[in-house]
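The structure displayed is predicted, hence computed values, not measured ones.
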Amino acid sequence: MSALLLSVHVLAAILTIGPVAVTASMFPRFVRLALGKPTDPRRGAVVRVLHRITRNYAVIGVLVPVFGLATGASIGVLGDAWLIVSIVLTAGAGAMLIGVVLPGQRRTLRCLDVGAEPADLARVVPRLGMHAGIFNLLWAIVVVLMIYRPGSTTGVGL
């Protein structure tokens, strides 16, 4: 059963967190491109699609920690320090996504829809990139902890 839970956990991470990481990172670039073409009616289409992908995959991404906890429980490592740190970082990444990245994307879309001044959006876009970068960094650390965990049976790690 542990192997099945681990397989689902890893697949869910690859198939959900990967797209969120990529689309959240691409969003600021395409906002800048949209700002460069203020008369193009399609200027916000790509930005809206990136936001929709980020939002929808974030919802599905809840499977990652759910199956991660189930896997941890099945192999008896819930009290291990590396897993506790991973859980805290995962919670931080989730909070960053739900509390900062997605609301920032929504605000940006509203500004594009009402035709806000490019200068207003120019201040917001770098922060969106920074927040996406923090989200991605947290997940990268979690991935490293999952691969290079202390007590690994593969001989890799401490």
Side-chain angles (χ1 to χ4, degrees), residues 4-74 78 82-149:
L4 175 66
L5 290 171
L6 180 59
S7 297
V8 173
H9 171 63
V10 170
L11 280 171
I14 292 168
L15 297 175
T16 63
I17 304 305
V20 171
V22 170
T23 57
S25 297
M26 290 174 62
F27 187 88
R29 177 179 183 271
F30 281 92
V31 169
R32 285 187 206 95
L33 290 175
L35 291 173
K37 299 178 182 180
T39 58
D40 186 353
R42 301 169 297 152
R43 72 185 179 125
V46 172
V47 177
R48 280 188 218 29
V49 168
L50 289 172
H51 171 66
R52 191 175 321 125
I53 292 169
T54 304
R55 185 188 66 226
N56 291 342
Y57 277 79
V59 170
I60 300 166
V62 170
L63 292 173
V64 176
V66 167
F67 279 99
L69 287 171
T71 303
S74 76
L78 284 180
W82 66 269
L83 187 60
I84 293 168
V85 171
S86 294
I87 291 168
V88 169
L89 292 174
T90 298
M96 176 68 71
L97 182 63
I98 294 167
V100 181
V101 173
L102 289 171
Q105 288 183 354
R106 278 193 298 274
R107 280 191 302 276
T108 302
L109 286 173
R110 280 196 299 274
C111 288
L112 282 175
D113 289 342
V114 298
E117 292 296 317
D120 295 337
L121 284 170
R123 286 192 313 266
V124 173
V125 172
R127 277 185 272 156
L128 283 171
M130 178 188 69
H131 295 140
I134 293 168
F135 170 78
N136 290 337
L137 178 62
L138 291 171
W139 274 112
I141 294 168
V142 169
V143 168
V144 169
L145 286 171
M146 292 292 140
I147 294 169
Y148 188 79
R149 66 187 191 270

Exercise. So, Arg55 side chain and His51 main chain: donor-acceptor pair closer than 3.5 Å or not?
Worked result: no
Exercise. Under the side chain to side chain contact (heavy atoms under 4.5 Å, CB included) criterion, do Phe67 and Leu6 qualify, and how do the steps go?
Worked result: CA-CA 7 Å; Phe67 279 99; Leu6 180 59; over 6 Å; no
Extract all donor-acceptor atom pairs below 3.5 Å that involve side chains of residues 10-32 and protein atoms in other chains or at least two apart in sequence.
from	atom 1	to	atom 2	distance (Å)
Thr16	OG1	Ala12	O	2.5
Thr23	OG1	Pro19	O	2.9
Thr23	OG1	Val20	O	3.4
Thr23	OG1	Thr54	OG1	2.6
Ser25	OG	Ala21	O	2.9
Ser25	OG	Asn136	ND2	2.7

For this session: Indicate the atoms forming the closest heavy-atom contact of Pro103 with Leu97, along with that distance.
Result: CD-O, 4.0 Å
Exercise. Counting only heavy atoms not in Ile98, do more than 12 sit closer than 6.0 Å to its CD1 atom?
Worked result: no
For this session: State, to 0.1 Å, how close Val64 and His9 come at their nearest heavy-atom pair, and which atoms those are.
Result: O-ND1, 2.9 Å
For this session: Would you sort out whether Ile141 and Val85 count as a side chain to side chain contact (heavy atoms under 4.5 Å, CB included), showing the intermediate values?
Result: CA-CA 10 Å; Ile141 294 168; Val85 171; 5.8 Å; no
Seminar exercise, completed: In this structure, OG1 of Thr90 is separated from CG of Leu69 (nearest 0.5 Å) by 8.5 Å
For this session: Check whether any side-chain heavy atom of Leu145 lies under 4.5 Å from a side-chain heavy atom of Leu89, and answer yes or no.
Result: yes
Exercise. Taking all non-hydrogen atoms of both residues, which atom of Met96 and which atom of His131 are closest, and how far apart?
Worked result: CG-O, 3.8 Å
For this session: Taking all non-hydrogen atoms of both residues into account, name the closest pair between Ser74 and Thr71 and its distance.
Result: OG-O, 2.9 Å
Seminar exercise, completed: On a heavy-atom basis, the closest approach of Leu138 and Gly92 is CD1-C, 3.8 Å
Problem set entry | Rounded distance (nearest 0.5 Å) linking atom CZ of Arg149 with atom CG of Leu83 | 10.0 Å
Problem set entry | Non-hydrogen atoms of Ala132 and Val101 that approach each other most closely | N-CG2, 4.2 Å
